[in-house]
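Input: a single structure, listed below in structure tokens.
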Amino acid sequence: MTRFEQLQSLAASIEADIENGPIVPAVTPQEIRRHLARYDFGSPRALDEVVCDVERMLQTWQVQVTHPRYFGLFNPSVTRAGIMADTIAAAYNPQLATWRTSPAANEIERHTLAWLAEKFGLPPETIATFTSGGAEANLSAVIVALTRAFPEYGERGLRHVEATPVIYLTAEAHHSFNKIAHMTGLGRAALRTVATACDLKMDVADLAQQLAEDRQSGFAPFMVVATAGTTAAGAIDPLPKIARVCRAENLWFHVDAAWGGAAILAPSLKGHLAGIDAADSITCDAHKWFSVPMGAGMFFCRHPETLSAAFHAETSYMPAKTLGPAVDPYTHSVQWSRRFIGLKLFLSLAQHGESGYASMIEHQARMGNLLRKLLENDGWQIVNATPLPVVCFTRAGLDTSKFLAALHERQIAWMSEVRLAGGEPVLRACITSYRTTETDIEFAVREMGHLVACQGGRMLNT
Ligand SMILES: Cc1ncc(COP(=O)(O)O)c(C=O)c1O
């Protein structure tokens, strides 16, 4: 067997184990800690024995996010190319901080990101980097936007910015922005919550009104965050209208497309991302809908000079800059040392091609539509509207946490609960696996129907 075939067969056998095993674990912290007590690291152990033990732990003590009936929080089933890429990256351990140290790896990343930047409609001067995930990409966006709006921020800090800077987003935007406001020194109160319409999309009239009021009161608006595929309900903010407001008001336009960004490759969905080409920056996670292992975020920015102003670094101990068109990633992004994150996206794209990816994404959108239809036929009420495969639903009087506990205990599927626009909890199911089939969806809806019928009053609020 070649090395490639060995890895393929390992990945295939793990996939099969997961598919045939439980989805949701039942374990306490004490049970795991008791088990781990045997590892006092006092004397060496045989590696194969420890690896077997770790695999047993992972097989039984985790939510299996790559199971076809994990309808969860954007954690995907991973491509085999992605698994191989992570193995190869670990073994060769390239250091991507500077171009000079890892020319091949840096060019593979640059090539992959440039291809995707073009798909988003960004200009050729766009610089993009792989990040640990969407939170780091969103952090990068806020730092770069601050640097552009307030040139004194980098050297002298926020206290030397005359007016208080503020950012606009909706309550449906990802919570990472609250942490980012905290970490950057803006303060969490710098986030302005723009109202949403009943479809949970940003209300642009409210955005314009809040902007005018804030300017009048002496605040310094500098950034709007639009979400293309909100975490809870998959809503896509009206990107073209927000882009127009940002242009007119000289504001940084960031699109958080951490999950939804992959729809740009799907002919039936990409129209919903119209307007993303006007973004100053974009967050898009490869470890979500591009189906590669964690952690692989991406940050795209159309202003190379601002990126370099925000993240420049000069030290004598790093290799000197390479002449020519090459960029040293540590001078254009948050991370210093960095892993070969981009290989998993490169290998997966190279293997499946754009058309293969379009099929995987459209398949999941179809499974989402099927789920919606079968739920409605079975008396459930759908409470969100999105072309993306995330379905929020409920039924009269349902106690969502009791229902989920029963669903998980019976290993029917993994789903979660969520509150939309601060309302009552509802169920949330997202198709995150390209291996989810119609049979999986039919099974889940049928079993959920039995659960409600058999358990009757026990599933209802009392
Ligand atoms: C819209 C959105 N933005 C950002 C993030 C954060 O991404 P990560 O978990 O990769 O840091 C998420 C995570 O689900 C998300 O849904």
Side-chain angles (χ1 to χ4, degrees), residues 63 65 70-76 78 82 86 120 128-143 145 167-184 191 193-194 196 200-202 223-237 239 242 253-264 272-273 276 279 281-300 333-335 338-339 341-342 344-345 364 368 384 386-392 414-420 428-433:
V63 174
V65 300
Y70 168 79
F71 299 140
L73 295 169
F74 301 154
N75 304 304
V78 291
D86 262 4
F120 282 128
T129 43
F130 281 97
T131 62
S132 54
E136 185 194 324
N138 285 341
L139 170 65
S140 311
V142 174
I143 293 172
I167 300 179
Y168 299 81
L169 35 61
T170 73
E172 301 297 313
H174 193 257
H175 213 71
S176 53
F177 286 101
N178 297 62
K179 282 167 73 170
I180 291 164
H182 190 142
M183 290 188 292
T184 50
L191 299 183
T193 308
V194 180
T196 48
L200 300 173
K201 297 179 183 180
M202 186 182 283
M223 179 180 203
V224 180
V225 175
T227 310
T230 57
T231 317
I236 302 172
D237 285 330
L239 306 181
I242 299 171
F253 175 36
H254 177 66
V255 180
D256 181 355
W259 174 57
I264 205 73
H272 296 285
L273 298 183
I276 200 167
S281 56
I282 299 173
T283 287
C284 179
D285 278 352
H287 67 202
K288 292 193 166 69
W289 212 354
F290 282 94
S291 302
V292 304
M294 280 179 262
M298 295 175 278
F299 177 61
F300 298 82
S333 57
V334 172
Q335 292 181 34
R338 65 196 61 214
R339 196 168 194 273
I341 297 170
K344 39 199 165 193
L345 184 56
Q364 290 170 77
N384 70 323
T386 174
L388 308 180
V390 55
V391 186
C392 300
W414 195 92
M415 293 176 193
S416 54
E417 70 175 14
V418 74
R419 288 170 191 269
L420 302 183
R428 176 191 181 280
C430 180
I431 310 300
T432 61
S433 171

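Computed from heavy atoms alone, side chains included, the values below leave out hydrogens, waters and symmetry copies. In listed order, ligands and their atoms are each counted from 1. Residue numbers run from 1 in the order of the sequence given.
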(request) Report yes or no: does D285 contribute a side-chain atom to a donor-acceptor pair with the main-chain N or O of H287 at less than 3.5 Å? (result) no
Anything under 3.5 Å between an N or O on ligand 1 and a protein N or O? List each pair with its distance, or write none.
from, atom 1, to, atom 2, distance (Å)
ligand 1, 3 (N), D256, OD1, 3.1
ligand 1, 3 (N), D256, OD2, 2.7
ligand 1, 7 (O), G134, N, 3.4
ligand 1, 7 (O), D285, OD2, 3.4
ligand 1, 7 (O), K288, NZ, 3.0
ligand 1, 10 (O), G134, N, 2.8
ligand 1, 10 (O), D285, OD2, 2.8
ligand 1, 10 (O), H287, NE2, 2.8
ligand 1, 10 (O), K288, NZ, 3.1
ligand 1, 11 (O), G134, N, 3.1
ligand 1, 11 (O), A135, N, 2.8
ligand 1, 16 (O), T231, OG1, 2.8

(message) Between K344 and D86 (salt bridge meaning N to carboxylate O under 4.0 Å), is one present in this structure?
(response) yes
(message) Restricting to non-hydrogen atoms, name the atom on T283 and the atom on A137 that form the minimum distance, rounded to 0.1 Å.
(response) OG1-CB, 3.3 Å
(request) Please determine, by modelled atom types, if R338 and S333 share a side-chain donor-acceptor pair under 3.5 angstrom. (result) yes
(request) Quick one: pull up CH2 in W259 and CG in L73 and give me the separation to the nearest 0.5 Å. (result) 11.0 Å
(request) To the nearest 0.5 angstrom, please state how far the CG atom of L239 sits from the NE2 atom of H272. (result) 11.5 Å
